[in-house]
A.B. asks: 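The structure under discussion is supplied below as structure tokens; questions concerning it will follow.
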Amino acid sequence: MLGILAIFGFIAPLQAAFYDEGLPVSTHPIGSPFYRHLAQETNIDLRELVKFEKRGFGRSEIITLIFISSATGKPLKDYGQRRLKDKVSLRELAAEAQLDYSELHKRVKEFKTRLEFLGDDLLPPPVYEVDTSTQVSPSQSKKKKDKRKKSP
């Protein structure tokens with residue numbers, strides 16, 4: 001029992017030291033292997049792609065929007081908003097970008113298949129979600145240190 005208390009007594013100051021730095025606490029990596037590969041291949045922030053996934057966009061749909069966005073130079077987010085708010089079809093967006101939809105669909109299918117084939121192999125480095133509810137600002141941690149110094 002004494003050994004367990006000694007371990008907790010040793011760990012608690014380490015945890016306090018970590019939190020005293022005011023650093024954000026990482027909870028877990030975000031994005032499935034597919035989206036991690038997609039982010040790396042397209043140079044799009046993984047956090048942005050995960051937002052699309054959470055809003056209900058499918059894999060082929062997001063790849064199609066990425067291809068259209070890269071062809072026109074317009075932000076991906078704008079196309080996502082049009083899909084959600086205005087219910088514009090992918091075919092219409094492709095036509096506006098002067099892209100042949102059947103050829104675009106073929107490219108999307110090939111790209112998607114290649115990314116799915118990669119699976120867990122050669123994954124890009126993870127991106128971590130930050131839990132802002134447990135962050136401690138430097139001023140708060142300084143106050144805690146001052147209180148600890150004053151208490152016997």
Side-chain angles (χ1 to χ4, degrees), residues 7-8 10-147:
I7 291 172
F8 284 120
F10 178 73
I11 292 174
L14 292 177
Q15 288 176 332
F18 178 78
Y19 288 113
D20 284 346
E21 296 296 321
L23 299 172
V25 178
S26 296
T27 55
H28 64 282
I30 61 171
S32 66
F34 176 83
Y35 280 95
R36 287 173 62 184
H37 286 297
L38 180 60
Q40 182 181 32
E41 291 278 330
T42 59
N43 290 325
I44 297 175
D45 185 20
L46 179 59
R47 290 174 191 90
E48 185 176 347
L49 293 175
V50 169
K51 286 179 187 177
F52 277 95
E53 182 183 29
K54 287 180 180 179
R55 304 258 345 243
F57 287 85
R59 290 177 174 186
S60 294
E61 182 179 20
I62 189 63
I63 294 170
T64 303
L65 292 177
I66 289 169
F67 284 178
I68 292 171
S69 173
S70 67
T72 63
K74 292 183 182 177
L76 177 63
K77 188 175 181 179
D78 291 351
Y79 285 111
Q81 288 175 346
R82 287 190 62 201
R83 288 280 293 153
L84 291 173
K85 291 181 181 179
D86 301 333
K87 310 281 191 246
V88 179
S89 72
L90 292 173
R91 188 175 295 276
E92 289 176 63
L93 292 174
E96 289 174 13
Q98 299 176 355
L99 298 171
D100 177 23
Y101 183 73
S102 59
E103 182 61 33
L104 176 64
H105 183 69
K106 181 180 168 187
R107 285 183 42 222
V108 166
K109 217 170 140 180
E110 290 170 358
F111 189 76
K112 178 182 169 229
T113 301
R114 187 172 60 80
L115 290 182
E116 288 175 335
F117 180 75
L118 290 172
D120 291 338
D121 294 338
L122 304 170
L123 276 175
V127 174
Y128 290 94
E129 182 178 317
V130 177
D131 183 3
T132 56
S133 65
T134 58
Q135 286 186 12
V136 178
S137 70
S139 61
Q140 289 174 330
S141 61
K142 188 175 181 178
K143 290 176 188 175
K144 287 181 183 179
K145 281 183 186 177
D146 292 342
K147 285 182 182 179

A.B. asks: Measure the spacing between CZ of Phe111 and OG1 of Thr42 and express it to the nearest 0.5 Å.
C.D. replies: 6.5 Å
A.B. asks: Say you draw a straight line from CD1 of Ile63 to NZ of Lys109; how long is it, rounded to the nearest 0.5 Å?
C.D. replies: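 So the gap between those two atoms works out to 12.5 Å.
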A.B. asks: Between CG of Leu76 and NZ of Lys51, what distance do you get to the nearest 0.5 Å?
C.D. replies: 11.5 Å
A.B. asks: Under a 4.0 Å N-O cut-off, is there an ion pair linking Glu92 with Arg82?
C.D. replies: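 Judged by the 4.0 Å cut-off on N to carboxylate O distance, Glu92 and Arg82 do not form a salt bridge.
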A.B. asks: For the residue pair Arg36 and Leu46, establish whether any side-chain heavy-atom pair is separated by less than 4.5 Å.
C.D. replies: yes
A.B. asks: I'd like to know if the side chain of Ser69 and the backbone of Leu65 have a donor-acceptor N/O pair within less than 3.5 Å.
C.D. replies: no
A.B. asks: Would you compute the distance between atom CG of Leu49 and atom CZ of Arg59 and round it to the nearest 0.5 angstrom?
C.D. replies: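 So the CG of Leu49 and the CZ of Arg59 are separated by 12.0 Å.
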A.B. asks: To the nearest 0.5 Å, how far apart are CD1 in Ile44 and CD1 in Ile62?
C.D. replies: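 Between atom CD1 of Ile44 and atom CD1 of Ile62 there are 7.0 Å.
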A.B. asks: Mark yes or no: Arg83 above the aromatic ring of Phe57, with NZ or CZ under 6.0 Å from the six-membered ring centre and no more than 45 degrees from the axis.
C.D. replies: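 Negative - Arg83 is either too far from the ring of Phe57 or too far off its axis.
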A.B. asks: How about Phe67 and Leu99: do any of their side-chain heavy atoms sit closer than 4.5 Å?
C.D. replies: no
A.B. asks: Do Leu104 and Ile68 have side chains that approach each other closer than 4.5 Å (heavy atoms only, starting at C-beta)?
C.D. replies: yes
A.B. asks: Please report the closest heavy-atom contact between Gly56 and Glu61, naming both atoms and the distance.
C.D. replies: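 Between these two residues, the closest heavy atoms are O-OE1, 4.2 Å.
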A.B. asks: Test side-chain contact (heavy atoms from CB on, under 4.5 Å) on Ile66 and Val108; report intermediate values, then the result.
C.D. replies: CA-CA 10 Å; Ile66 289 169; Val108 166; over 6 Å; no
A.B. asks: For the atom pair OH (Tyr35) and CD (Glu53), what is the distance rounded to the nearest 0.5 Å?
C.D. replies: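 Reported to 0.5 Å precision, the distance equals 4.5 Å.
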A.B. asks: Search all heavy atoms of Tyr79 against all heavy atoms of Lys74 and return the closest pair with its distance.
C.D. replies: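 The answer is OH-CD, 3.5 Å.
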